[in-house]
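Chain identifiers are assigned alphabetically (A, B, ...) following the order of the sequence lines, protein sequences preceding nucleic acid strands; residue numbering begins at 1 within each chain.
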Amino acid sequence: MKQLFRQKLIVWFKENKRDFPWREQANWYKTYLSEMLLQQTQAVQALPYFHKFISRYPDIASLAAAKEDDILTLWAGLGYYARARNMHKAARIILEKYNGNFPQKWNETLALPGIGAYSAAAILSIAFNKPFAVVDGNVLRVLSRIYAIGDDIRKAAVIKEFQRLADELLDTKQPGDFNEGMMELGATVCLPATPKCDDCPLRELCRAFKDKRQPNFPFKSPPAPKKNIKQFVLLFKNGQRLFVRRRPANGLLARMWEFPVLETEKLSLTKKELQKLLRKEIKLETEISVILNKMTHIYSHIKLEYVPVLITAEKGETEWSETPQKKWLSVPALEESALHGAHKKILTLPAFKKLM
DNA sequence: AATACGGGGGC
DNA sequence: GCCCCAGTATT
């Protein structure tokens, strides 16, 4: 069974694998970069970012030498920004502590920032042929169906069970092809909603297929409800430029740029009510010129509702002075900056464009 | 063991 | 509107 599993999977993978740039003239840097980009991210979405990063930072030394803000700017729009900051830290460790070579021991790899069990196994197996099995969302789906395992994959203990199973099944002679084969199968054939079982090389080995219960697997308990946040987004305008500040070093969208925001219970205020609120909260003589329509932005655990407000500001107040944490930028500069997604979305509004 | 952490694609 | 994605770090 195990031998047949490995052989069918690897033969299928070699014939059916998609072409990706990190699979061409592969080296460990490309494998590493691709794995960081691909965490919780579909391959098609990571693709343009891979090209941008390889072009700008072709090797580990150039990545390590980069400024964090430049890496964050290049990463802007992809999400999970801790990946970018951790990748930068890891690059410096690889350069300094390991002399520019990737550490090939399990414990050393796992100790790098941004690398957990999945990424360690992926990089070591794909780039260095080391016998470690990956368990990602694809592997969970494929194995839960083949073995008809109905345990809740949201639980850490269950993922450990699947890790043991994957370790047993791994083809230790070709660990990279085995791992990539499992993930490729999950990504292109053993799909979440409508699996293409007719095209599956492991069909005869699949318990869920035999029982026609594919949609029952994997089982995942319902997610926690999203927190609701409402805020006004303050677009302070002086000439052609808008005021932005840097977010705190920790938490949501850490160190990304944003327009100042004002949390509120109620988003539907008249201009007069909002003007009064602003005077109380920011203690500056400003004049609201336009209140734009409500917008919504969904994060993994938050539902954000926000109303952009254009405000004319006179420069000269010390609050408006530029520091490393705050500055005035034109719209074209904002578009290319590390302004976070919810606020970049404002720049695309026709109503906003008319005002600038 | 549970929660925080993004944004886009597919149905 | 809901689920998913080549998961990791923190609590």
Checklist line | Whole-angstrom distance between B/dT3 and C/dA6, as gauged at atom C1' | finding: 22 Å

Note to self: Could you tell me how far B/dG8 sits from C/dT8 if I compare only their P atoms? Round to whole Å.
What the structure shows: 22 Å

Which whole-number value in Å describes the distance from [X] [atom1] to [N] [atom2]?
X        : N     : atom1 : atom2 : value
A/Leu37  : B/dG7 : CG    : C1'   : 14 Å
A/Met87  : B/dG6 : CE    : P     : 15 Å
A/Phe20  : C/dC5 : CZ    : C1'   : 13 Å
A/Met36  : C/dA6 : CE    : C1'   : 10 Å
A/His343 : B/dG6 : NE2   : C1'   : 14 Å
A/Asp152 : B/dA1 : CG    : P     : 12 Å
A/Arg154 : C/dC2 : CZ    : P     : 14 Å
A/Leu110 : C/dA9 : CG    : C1'   : 12 Å

Margin query: Using heavy-atom distances to pick each residue's nearest nucleotide on DNA chain B, tell me which of A/Thr194 and A/Lys227 is more 5'.
Written below: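 The residue whose closest nucleotide sits nearer the 5' end is A/Lys227.
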
Next item on the list: Find which nucleotide of DNA chain B each of A/His340 and A/Ala224 is nearest to by heavy atoms, and output the residue with the more 5' nucleotide.
Entry: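 Nearest-nucleotide comparison on DNA chain B picks A/Ala224.
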
Is the phosphate of [N], meaning OP1 or OP2, less than 4.0 Å from a side-chain N or O of [X]?
X        : N     : value
A/His297 : B/dG7 : yes
A/Tyr81  : B/dG7 : yes
A/Gln40  : C/dC5 : no
A/Ser119 : C/dT8 : yes

For a quick check under 3.5 Å, do [X] and [Y] share a side-chain donor-acceptor pair by atom type?
X        : Y        : result
A/Lys345 : A/His297 : yes
A/Glu35  : A/Tyr118 : yes
A/Arg23  : A/Ser34  : no
A/Asn138 : A/Asp136 : yes

Which nucleotide wins on minimum distance to the side chain of [X], given the candidates [options]?
X        : options             : answer
A/Ala156 : B/dG8, B/dG6, B/dA1 : B/dA1
A/Met183 : B/dG6, C/dA6, C/dT8 : C/dA6
A/Pro223 : C/dC3, B/dG7, B/dG6 : C/dC3
A/His301 : C/dA6, B/dC5, B/dG6 : B/dC5

Is [X] touching bases, backbone alone, or none of the nucleic acid, heavy atoms closer than 4.0 Å?
X        : answer
A/Ile115 : sugar-phosphate
A/Arg255 : nothing
A/Ala46  : nothing
A/Trp75  : nothing
A/Leu191 : nothing
A/Arg83  : base
A/Gly186 : nothing

Notebook entry, point to check: Can you get from A/Phe53 to A/Tyr80 by hopping between Ile, Leu, Val, Met, Phe, Trp and Tyr side chains that sit under 4.5 Å apart?
Noted result: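 No; tracing contacts between hydrophobic side chains, which count when under 4.5 Å, never links both residues.
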
Next item on the list: Test A/Trp328 against every option in A/Phe259, A/Trp257, A/Phe243 by the ring pair (Phe, Tyr, Trp, His ring centres under 6.0 Å) rule and name the one that passes.
Entry: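 Exactly one candidate clears the test, A/Phe243.
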
Checklist line | Aromatic contact, A/Trp75 with A/Tyr49 (centres under 6.0 Å) | finding: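 For A/Trp75 and A/Tyr49, the ring centres are not under 6.0 Å apart.
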
Item checked: Pairwise 5' ranking along DNA chain C for A/Leu112 and A/Arg18, keeping only the more 5' one -> A/Arg18

Next item on the list: Please figure out whether A/Asn86 or A/Arg141 has its closest DNA chain C nucleotide nearer the 5' end.
Entry: A/Arg141

Margin query: Could you check whether the side chain of A/Ser300 and the base of B/dG7 have a donor-acceptor pair of N or O atoms closer than 3.5 Å, going by distance alone?
Written below: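 Not at all, since no donor on one side and acceptor on the other fall under 3.5 Å apart.
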
Next item on the list: Would you mind pulling out the nucleotide paired to C/dG7, Watson-Crick or G-U wobble, both distances under 3.5 Å?
Entry: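 The base-pairing partner of C/dG7, which may sit in any strand shown, is B/dC5.
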
Notebook entry, point to check: With stacking defined as ring centroids separated by under 5.5 Å and planes differing by under 30°, is A/Tyr299 stacked against B/dC5?
Noted result: no

Checklist line | Ring-base stacking, A/Tyr118 with C/dG7 (5.5 Å, 30° cut-offs) | finding: no

